[in-house]
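Report on the structure given below.
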Amino acid sequence: MEINNNQLLRFTTAGSVDDGKSTLIGRLLYDSKSIFEDQLDSVTATSAKKGHDGVDLALFTDGLRDEREQGITIDVAYRYFTTPKRKFIIADTPGHIQYTRNMVTGASTANAAVILIDARHGVIEQTKRHSFIASLLNIPHLIVCINKMDLVDYSEDVYNDIIGQFEEFSSKLLVKDVRFIPISALNGDNVVNRSVNMDWYQGGTLLNILETLHISSDINKIDARFPVQTVLRPQSEKHRDYRGYAGRVASGIYRLGDEVAVLPSGFTSKIRSINAGETEVQEAFAPMSVAITLDDDIDVSRGDMIVKTNNQPESSQEFDVMLCWLNNEPAKPRTKYTIMHTTNEQRAMIKEVVYKVDINTYNRITDDKDLNMNDIGRVKIRCTRPLMTDAYRDNRNTGSIILIDENTNETVAAGMIV
């Protein structure tokens, strides 16, 4: 299978504290030769100062000095690296239970989630929590790395037992593709290079799986959705009558001559031209940024959506959302927030909290409906005008929203439309 080396894979890493996540990312960067010489020199010097025998790989990830001194990793750190086969962005999120919101933030655009399990401890509550969030965020690929195999004598029985534990609870989750890898991040077993200590494992290394994951089919190619970002009116001699609608294709495919409807007005027309930069193209598909012109002069503005006439999203002022609360201040039902959905921005309120989710047991909590920081719950939201939405399961772009506090301008919640 030929891999497009321009293809970008975003993946998030999650594990509980001391599962070796920072070491794993360090190992991935170090063994794939993705570290600059000055970084390597700095980390080598710091490792020697701390009295380590070799290079402390975790230092490549724990970049902030304060963070290092406290011995914890906080917030979401993004790392970038490239191999001949693919470009990567890693969202490294903390394992601490109080950082659910960080995992939601880091994982919201990920193609894959790498979940670490300590081979000595097996599946623990935080494993279930991270897997639940990955499932909730509809991350298509889950790569379960069973780490520290060197501390259990590279035992195949321990590995198989943990797979059994994981599969027992993950059968309740909606995850399409789960893979397991036995690794030792510290020693480099099965991270970039194959392990000589685990010849019983016949699968690929972590890097090999990341490089060959088939992600093209993760994009929804059926439901054509084009949220208009801006209207182009150049007013130049060359483009005197040009009126183009620019934005990024959220899903689906648009071709010249397609019959389309502009929502929320419902007016219909046909696609006259599609431009990607200066180049006129025959078709556009997600995630291309293009400008579209129509045969008819319709009033179109930012926040409108161009869709196919025979395949339209829901248009509703009221809908249910799985909401992750991100703010220190608790949610206030009936308070006005700014809701942002694709390019559409308007006012909305939380009409009702239906239930909260205990993300360690997946049980619904109906007797406590106060949404505090890191809580996830199902809520009813009402907007001032209809939004054009799809269920998040079908379309991550048109199925997600954020809420912003109008007074502080802080993002207070992220939500997945049910």
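Keep in mind that the numbers below use all heavy atoms, side chains included, and drop hydrogens, waters and symmetry copies.
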Any donor-acceptor pair under 3.5 Å from Ser32 side chain to Leu28 backbone: yes
From Leu116 atom CG to Asn147 atom CG, the distance as rounded to the nearest 0.5 Å: 5.0 Å
Spatial distance of atom OG (Ser184) from atom CG (Asn190) [nearest 0.5 Å]: 9.5 Å
Donor-acceptor pair between Thr127 and Gln165 side chains, under 3.5 angstrom: no
Residues Lys356, Leu371; criterion side chain to side chain contact (heavy atoms under 4.5 Å, CB included); working and verdict: CA-CA 8 Å; Lys356 289 202 307 191; Leu371 280 181; 3.8 Å; yes
Criterion side chain to side chain contact (heavy atoms under 4.5 Å, CB included) on Ile376 and Leu323, from CA distance to verdict: CA-CA 5 Å; Ile376 292 176; Leu323 202 67; over 6 Å; no
Salt bridge present between Arg382 and Glu318 (N-O < 4.0 angstrom): yes
Flag, side chain of Thr338 to backbone of Glu406, donor-acceptor distance under 3.5 Å: no
Heavy-atom closest pair, residues Ala261 and Gln312: CB-NE2, 3.8 Å
Aromatic ring pairing Phe81/Phe11, orientation class (parallel under 30°, perpendicular over 60°, tilted between): perpendicular
Side-chain donor-acceptor contact under 3.5 Å, Thr83 with Glu211: yes
Pair Phe180 + Phe166: ring centers closer than 6.0 Å: yes
Asn372 (side chain) donor-acceptor with Asn374 (main chain) under 3.5 angstrom: no
Residue pair Ile274 / Glu283: nearest heavy atoms and the distance that separates them: CD1-CA, 4.0 Å
Donor-acceptor pairs under 3.5 angstrom involving side-chain atoms of residues 295-302: please list them, not counting sequence neighbours.
{"residue": "Asp296", "atom": "OD2", "partner": "Ser269", "partner atom": "OG", "Å": "2.7"}
{"residue": "Arg302", "atom": "NH1", "partner": "Gln229", "partner atom": "O", "Å": "3.0"}

Exercise: do Asn138 and Arg396 side chains pair donor with acceptor under 3.5 Å: no
Sequence neighbours excluded - ring pair (Phe, Tyr, Trp, His ring centres under 6.0 Å) pairs with any residue from residues 366-418: none
Side-chain (Thr12) to main-chain (Ala91) donor-acceptor, under 3.5 angstrom: yes
Side-chain touch Ile215/His141, heavy atoms, less than 4.5 angstrom: yes
Closest approach of Thr398 to Ala250 (non-hydrogen atoms, all atoms of both residues): CG2-CB, 4.2 Å
Side chain to side chain contact (heavy atoms under 4.5 Å, CB included) assessment of Asn220 paired with Asn397: CA-CA 10 Å; Asn220 179 332; Asn397 286 316; over 6 Å; no
Non-hydrogen atoms of Ile139 and Ala107 that approach each other most closely: CD1-CB, 3.6 Å
Close side-chain approach of Phe88 to Ser34, heavy-atom, < 4.5 Å: no
cation_pi(Arg364, Tyr355) dist<6.0 Å, angle<=45: yes
Trace of the side chain to side chain contact (heavy atoms under 4.5 Å, CB included) decision for Arg393 with Leu174: CA-CA 10 Å; Arg393 286 254 153 246; Leu174 295 163; 3.4 Å; yes
Side-chain heavy atoms of Ile404 within contact of Val412, under 4.5 Å: no
Note, Met149 side chain near Tyr159 side chain (heavy atom, < 4.5 Å): yes
Given Ile181, Ile163, Ile183, the one that forms side chain to side chain contact (heavy atoms under 4.5 Å, CB included) with Ile146: Ile163
Nearest heavy atoms of Pro313 and Met305, plus distance in Å: CG-SD, 4.2 Å
Any donor-acceptor N/O pair, Thr293 side chain to Ser273 backbone, under 3.5 Å: yes
Pair Lys148 + Asp150, salt bridge at N-O below 4.0 Å: no
Residue pair Ala284 / Val290: nearest heavy atoms and the distance that separates them: CB-CG1, 3.9 Å
Greater than 12 external heavy atoms within 6.0 Å of Arg248's CZ: no
Pairwise side-chain contact, Arg347 with Ile339, heavy-atom cut-off 4.5 Å (strictly under): no
Pairwise side-chain contact, Ile417 with Asp320, heavy-atom cut-off 4.5 Å (strictly under): no
Short side-chain to backbone donor-acceptor contact, Thr205 and Asn208, under 3.5 Å: yes
Any donor-acceptor N/O pair, Asp405 side chain to Asn407 backbone, under 3.5 Å: yes
Residues, nucleotides or ligands: over 12 heavy atoms within 6.0 Å of Tyr362 OH: yes
Donor-acceptor side-chain pairing of Asn363 and Asp358 below 3.5 angstrom: no
Any Val418 side-chain heavy atom under 4.5 Å of Arg378 side chain: yes
Tyr254/Phe285 aromatic ring centres below 6.0 Å: no
Asn344 vs Thr342, side-chain hydrogen bond (donor to acceptor under 3.5 Å, both in side chains): CA-CA, chis, key distance, verdict: CA-CA 6 Å; Asn344 200 327; Thr342 65; 6.0 Å; no
Heavy atoms from other residues, nucleotides or ligands near CD of Glu280 exceed 12 (cutoff 6.0 Å): yes
Residue pairs, two or more places apart or on separate chains, that pass salt bridge (charged side-chain N to carboxylate O under 4.0 Å, His left out) and touch residues 328-340: none
Spacing of CD1 belonging to Ile306 relative to OH belonging to Tyr245, to within rounding of 0.5 Å: 7.0 Å
Salt bridge present between Asp258 and Lys270 (N-O < 4.0 angstrom): no
Reported CD1-to-CZ distance for the pair Ile90 and Arg10, which is rounded to 0.5 angstrom: 12.5 Å
Side-chain heavy-atom pair Ser216, Gln7 within 4.5 angstrom cut-off: yes
Asp390, Ile222, Thr389 screened by side chain to side chain contact (heavy atoms under 4.5 Å, CB included) with Asn395, the one that passes: Asp390
No-hydrogen, no-angle side-chain donor-acceptor test under 3.5 Å, Thr309 and Thr268: no
Rounded distance [0.5 Å steps], CE in Met388 versus CZ in Arg225: 10.5 Å
Flag, side chain of Arg27 to backbone of Leu186, donor-acceptor distance under 3.5 Å: yes
Nearest-0.5 Å distance, CD of residue Gln126 to CD1 of residue Ile124: 5.5 Å
